[in-house]
There are 2 protein chains.
Amino acid sequence: MEPPTPPRRVTIVDVARHARVSTTAVSKVLRNAYGASPEMRAKVRRAIDELGYRPLAAARGLRGQTYTIGVMLPDIRNPFFPEIVDGITGRLADTDYQVFLGPGGCNDEQTEARITEAMIDRGMDGIILIAPVSARSRLEHIAATVPTVVVGRHGHSPVYDTVTDDDVTGAALVVDHLVGLGHRRIAHIEHHETDPTRIVEMPNAQRADGYRRAMQAHGLADEIDIVSTVYTQQGGHEGARQLLARPQRPTAIFAGADIVAMGVLDALAEAGLSVPDDISVAGYDNTTFASFGPISLTSVDQAGREIGSNAVRLLLERIAERQKTSVQIKLSPTLVARRTTARVSG
Amino acid sequence: MEPPTPPRRVTIVDVARHARVSTTAVSKVLRNAYGASPEMRAKVRRAIDELGYRPLAAARGLRGQTYTIGVMLPDIRNPFFPEIVDGITGRLADTDYQVFLGPGGCNDEQTEARITEAMIDRGMDGIILIAPVSARSRLEHIAATVPTVVVGRHGHSPVYDTVTDDDVTGAALVVDHLVGLGHRRIAHIEHHETDPTRIVEMPNAQRADGYRRAMQAHGLADEIDIVSTVYTQQGGHEGARQLLARPQRPTAIFAGADIVAMGVLDALAEAGLSVPDDISVAGYDNTTFASFGPISLTSVDQAGREIGSNAVRLLLERIAERQKTSVQIKLSPTLVARRTTARVSG
DNA sequence: CACCCGATGGGAAACGTTACCCGTCAGCGG
DNA sequence: CCGCTGACGGGTAACGTTTCCCATCGGGTG
C-alpha cells in the first residue's frame with residue numbers, strides 16, 4: 001500500500017536540475033523543438049527516464065496544447081460507433097495524442113452543448129463530433145473556437161471538415177438488391193425529422209431520400225411507402241406494426257438502421273410471420289447484431305473504421321494548419337447480403 | 001461563418017473588471033467559497049452571465065480541481081457497460097463535474113496503463129476503473145495518486161473503494177433456475193484466466209466458482225463441466241462446439257456472459273439444434289441483446305445503473321475526504337428468465 | 001470609550017509549462 | 001585579426017486560476 005499522501009509530482013524543474021540544464025532546454029527536448037544539440041537531448045531524455053517524468057497536460061494547456069482530442073458520441077449504445085472509435089484510436093496510437101469520449105445524451109441539443117463546452121473548457125486540441133444534432137450555427141461556433149471534424153452529417157461549412165458515408169448510394173444498394181430479388185412493394189422506416197437543416201444534413205434523411213430516388217429509378221414510384229418513427233428498437237417495432245396494418249402488406253422492409261431492423265424482426269416474430277419467407281428485412285450499419293448468426297441481417301456496411309481514421313487525419317491536418325480550406329470526404333458503403341432477404345415468394 | 005481567429009477567451013479578470021471587484025472575489029463566487037456577501041455574489045453572477053464566462057478547466061487544474069472524472073472502459077463493444085455509464089452520468093448530471101470515457105483496448109495491461117496515466121496527467125479529480133485487468137500493485141499505485149473507485153473486480157484494498165456485483169450468487173441463481181427446470185447436465189463456459197490474483201478477483205472467475213459451488217450444493221458435483229475459452233462471441237461459439245462434441249451432450253449451457261451466449265446460440269443453430277427444445281441456454285449481464293425479442297435470452301441482471309451510481313457516490317466521498325477508510329459495495333443480481341431456458345426434455 | 005471580533009474584500013504569490021528574446025561562442029571569410 | 005553568422009543554451013514573463021494572508025470596517029462588549 002502506497003503512502004496516502006501522494007508524493008509531489010516530478011516537474012520539468014526537477015528534470016532540469018537533475019540533468020543540469022535549464023527548464024527551457026527540457027521543454028525543447030519534450031517538444032522536439034529547435035535549439036537543442038543531440039548530446040543535450042540525450043542527457044535530458046536520460047533524466048526524464050530516471051525520474052519517471054511525465055508532463056502535466058493541464059499546465060501545458062495553459063500555454064499551448066494539451067495533446068488531447070475529444071470525441072462526442074451521440075449514443076454509446078449504438079453498436080456502430082465502436083467501429084468509428086476504433087478507427088480513431090488506431091490512427092492516434094503512435095502519436096502523443098490521447099482520445100477521450102464524451103458520453104452523449106441521446107441526440108439532445110442541450111447535452112451536446114454541455115459536452116462540447118466541457119471539451120473546449122478543458123483545452124482540448126481538437127474535437128470530433130459524431131452525428132451531432134445541434135444547429136449548424138452552433139457547430140460553426142464550436143469550429144471557430146477549436147479545430148473540429150464533423151462525422152456522419154452531410155452539408156459542409158467552410159470552418160469544419162466532414163467525413164460522411166454516401167447514404168443515398170447506400171439506400172440505393174438496398175433497393176437494387178431487393179428489386180433484384182423480385183420485390184416491388186418495398187417499404188422504408190425512417191427517423192422522423194422536422195428541422196429543415198437536419199432534413200438536408202442528417203444521414204437518416206439522406207437514406208430516405210436515396211430510397212425514394214432508387215424506387216423511382218426502378219419505376220416503382222407508386223410503391224414508395226415510408227413510415228416515420230425513430231431510430232430505436234421501439235421505433236422499428238412500431239414502424240413494422242404500422243406496415244403490417246396496411247391493406248396490402250409490403251414484401252420487404254428496409255429499415256434505416258440495424259437497431260430499427262431489430263425492432264422490425266421482433267414485431268414480425270410476434271405477428272407470426274417468418275423472415276425471409278413471408279417478408280424480407282434489411283438494415284443499415286452492418287453492426288455486430290447484423291452479423292450474428294441466428295439473425296443474419298442483410299445490411300449496409302459503412303466502414304466505420306475508415307471513417308474514424310479519416311476524421312483523425314483531417315483533424316490533425318487542421319490542428320497543424322488552422323486556416324486551411326475545409327475538406328469533405330465521402331466514403332462509399334457496400335451491401336452485405338445475408339439471410340433476412342430472399343427472392344419474393346408467390 | 002465566424003472569424004477564423006478565435007476571439008480571446010473571456011477570463012476571470014474580465015469578469016472582475018466588468019463587475020468592479022477583484023479576481024479573488026470572482027473566484028470565491030465561482031467556488032461558493034466563504035467570504036462573499038449576497039450582493040457581491042449577485043453582482044458577480046450577473047457579470048458572468050453578461051460576458052458568457054466559463055472557467056478554463058486547464059487553468060483550474062494547475063491550482064486545484066479540474067472538475068473532471070475519468071472512466072476507463074475495457075471494451076466499448078460490451079453492451080453491458082453503457083448501463084454503468086448511464087448510472088455514472090445520471091448521478092453527475094446536476095453537479096459541476098464532467099465525465100470523460102477512456103477508450104479501453106480490450107483487456108490489455110499496457111493500454112490500461114496508457115489511459116490511466118493520461119487521466120492522471122490531465123489532472124482528473126477522480127477516476128473510475130471498470131473491470132481493470134492490471135496488477136493489484138498497479139491499481140494501488142493509481143489510487144495513491146488520484147481518488148479511485150474500482151468497479152467489477154473483487155478483492156479489496158485500503159486505498160481504493162470497490163463496487164461489485166455478487167457474481168457467486170448470480171451464478172447460483174442460474175444453476176438453481178436450471179435445476180428447478182429438471183436439468184442435471186449443466187455445463188459452464190468461462191473466461192480462461194491464469195494470473196493468480198485475477199483468478200480470485202475477476203468476475204468471470206467468481207462466476208465459475210459460483211457455478212461450481214451451486215452444482216455441489218445440488219448434489220451435482222459429478223456433473224460439473226467447465227469449458228475455458230474467452231468472453232467473446234467467438235469464445236462462446238468455440239465453447240459450444242467443444243460441449244457438443246462430448247459423448248453425453250449437456251442439456252443446458254450456462255455462458256458466463258451474454259456475448260458468450262450469443263456465440264453459443266450461433267453454434268447451436270449451425271449444429272441444427274433448437275433452443276430451448278434440445279438444449280437450454282443462459283447468459284449473464286442482461287444486455288439489450290438478451291431482451292431482444294427473437295433471442296429472448298435468460299440472463300442475470302446486474303443493475304448496471306446502480307453500480308455506476310454507487311461508484312460515483314463513493315468517488316465523490318473520497319474526493320471530499322481523501323483518507324477515508326475504503327468501502328466495498330456488493331450489489332445483488334437478479335435472474336431474468338426468458339425463452340432460451342425450458343424444462344428439460346425427455 | 002477603548003478593544004476585540006467576525007464579516008467582507010483584495011493583493012500577490014504560487015501552480016507547471018511554453019515562447020519570446022537575448023547572450024555566448026566557435027568558425028568563417030575578408 | 002576583425003566582424004559576422006548560425007547554432008545553442010538559458011532567463012523570464014506570461015497563461016488563468018486559486019489560496020494564503022492581510023486590511024478594513026462596523027458593531028458589540030467590557
Side-chain angles (χ1 to χ4, degrees), chain A residues 6-45 47-48 51-68 96 120-125 145-146, chain B residues 6-45 47-48 51-68 96 117 120-125 145-146 319:
Chain A
R8 206 180 55 76
R9 209 184 150 96
V10 177
T11 75
I12 202 173
V13 180
D14 301 321
V15 176
R17 195 161 26 218
H18 191 254
R20 303 179 176 286
V21 297
S22 70
T23 57
T24 304
V26 179
S27 177
K28 280 178 183 168
V29 173
L30 271 129
R31 293 171 294 123
N32 286 315
Y34 174 84
S37 62
E39 303 88 66
M40 159 80 64
R41 286 183 194 284
K43 201 163 46 168
V44 170
R45 274 196 225 290
I48 288 177
L51 266 50
Y53 166 76
R54 292 198 317 263
L56 187 67
R60 293 181 125 180
L62 211 48
R63 290 292 308 181
Q65 321 182 50
T66 57
Y67 298 92
T68 310
D96 284 337
I120 293 170
D121 294 347
R122 272 138 193 96
M124 297 200 170
D125 295 338
T145 313
V146 58
Chain B
R8 207 180 54 78
R9 210 184 149 96
V10 177
T11 76
I12 202 174
V13 180
D14 301 320
V15 176
R17 196 160 26 217
H18 191 254
R20 305 182 174 284
V21 298
S22 69
T23 58
T24 306
V26 179
S27 178
K28 281 176 183 169
V29 174
L30 278 158
R31 292 171 296 122
N32 285 316
Y34 176 85
S37 62
E39 303 87 68
M40 158 80 64
R41 286 183 195 283
K43 202 164 43 170
V44 171
R45 274 196 226 289
I48 289 177
L51 268 51
Y53 166 77
R54 293 197 319 262
L56 186 68
R60 293 182 125 178
L62 211 47
R63 290 291 307 181
Q65 320 182 53
T66 57
Y67 297 93
T68 310
D96 285 338
E117 282 180 1
I120 292 170
D121 295 346
R122 271 138 195 94
M124 296 204 172
D125 295 338
T145 313
V146 56
I319 289 173

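- Proximity of Tyr67(A) to the phosphate of dT17(C): no side-chain N or O atom is located under 4.0 Å from OP1 or OP2.
- Note: CD (Gln65(B)) to C1' (dT17(D)) measures 12 Å, nearest angstrom.
- Remark: P of dT17(D) and CG of Asp125(B) are 16 Å apart, rounded to the nearest angstrom.
- With distances taken from any side-chain atom of Met40(A) to the nucleotides dG9(D), dG10(C), dT17(D), the minimum falls on dG9(D).
- Rounding to whole angstrom units, CD1 of residue Ile12(B) and C1' of dT18(D) are separated by 8 Å.
- Helix-axis bend for the helix from dC1(C)-dG30(D) to dG30(C)-dC1(D): the local axis fitted to the five terminal pairs at one end deviates from that at the other end by 50°, rounded to 10°.
- Nearest-nucleotide mapping onto DNA chain C: of Val21(B) and Leu56(A), the residue sitting toward the 5' end is Val21(B).
- Comparing atom distances between the Leu62(A) side chain and each of dT8(C), dT18(D), dC15(D) picks out dC15(D) as nearest.
- Taking every side-chain heavy atom of Leu30(B) into account, dT18(D) is the closest of dT12(D), dT18(D), dT17(D).
- Atom-to-atom, CD of Glu39(B) to C1' of dA7(C) comes out at 12 Å; the value is rounded to the nearest Å.
- Remark: P of dC8(D) and CZ of Arg20(A) are 23 Å apart, rounded to the nearest angstrom.
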Residues Val21(A), Lys28(A); criterion side-chain contact (heavy atoms from CB on, under 4.5 Å); working and verdict: CA-CA 11 Å; Val21(A) 297; Lys28(A) 280 178 183 168; over 6 Å; no
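- Distance, Ile120(A) CD1 to dG16(D) P: 16 Å, rounded to whole Å.
- Here dT8(C) presents its P atom at 9 Å from CZ of Arg41(B), a figure rounded to the nearest Å.
- If you check every strand for non-hydrogen atoms under 4.0 Å, Thr24(B) touches a base.
- Of the candidate nucleotides dG9(D), dG10(C), dA14(C), dA14(C) has the atom nearest to the side chain of Arg63(B).
- Taking the side chain as every heavy atom from C-beta outward, Gln65(A) and Asp96(A) never approach each other to under 4.5 Å.
- If you check every strand for non-hydrogen atoms under 4.0 Å, Val26(A) touches nothing.
- Residues His18(B) and Val10(B) are not in side-chain contact: their nearest non-hydrogen atoms beyond the backbone lie 4.5 Å or more apart.
- By the ring-ring contact (aromatic ring centres under 6.0 Å, His included) test, Tyr53(B) is found to be paired with no residue, residues two or more places apart in sequence or in another chain being considered.
- With dT17(C), dT17(D), dG11(C) as the choices, the nucleotide that has an atom nearest any side-chain atom of Thr11(B) turns out to be dT17(D).
- A sub-4.0 Å separation between OP1 or OP2 of dA7(C) and a side-chain N or O of Tyr34(B) is present.
- Among the protein residues, Ser27(B) comes within range of the nucleic acid bases, having at least one heavy atom under 4.0 Å from a base atom.
- The NZ atom of Lys43(A) sits 12 Å away from the C1' atom of dC8(D) (whole-angstrom rounding).
- In terms of phosphate contacts, Arg31(A) brings a side-chain nitrogen or oxygen within less than 4.0 Å of OP1 or OP2 of dA19(C).
- At a threshold of 4.5 Å between non-hydrogen side-chain atoms, the residues Asn32(B) and Arg41(B) count as touching.
- Nearest nucleotide to the side chain of Ala36(B), out of dT17(D), dG9(C), dG9(D): dG9(C).
- Side-chain contact between Leu56(A) and Leu62(B) is present, with at least one heavy-atom pair separated by less than 4.5 Å.
- Side chains of Thr68(A) and Arg122(B): a donor on one and an acceptor on the other come within 3.5 Å.
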From CA spacing to verdict: side-chain contact (heavy atoms from CB on, under 4.5 Å), Arg9(B), Ile120(A): CA-CA 11 Å; Arg9(B) 210 184 149 96; Ile120(A) 293 170; 3.7 Å; yes
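- Within 3.5 Å, no donor on the side chain of Arg60(A) pairs with an acceptor on the base of dT17(C), nor the reverse.
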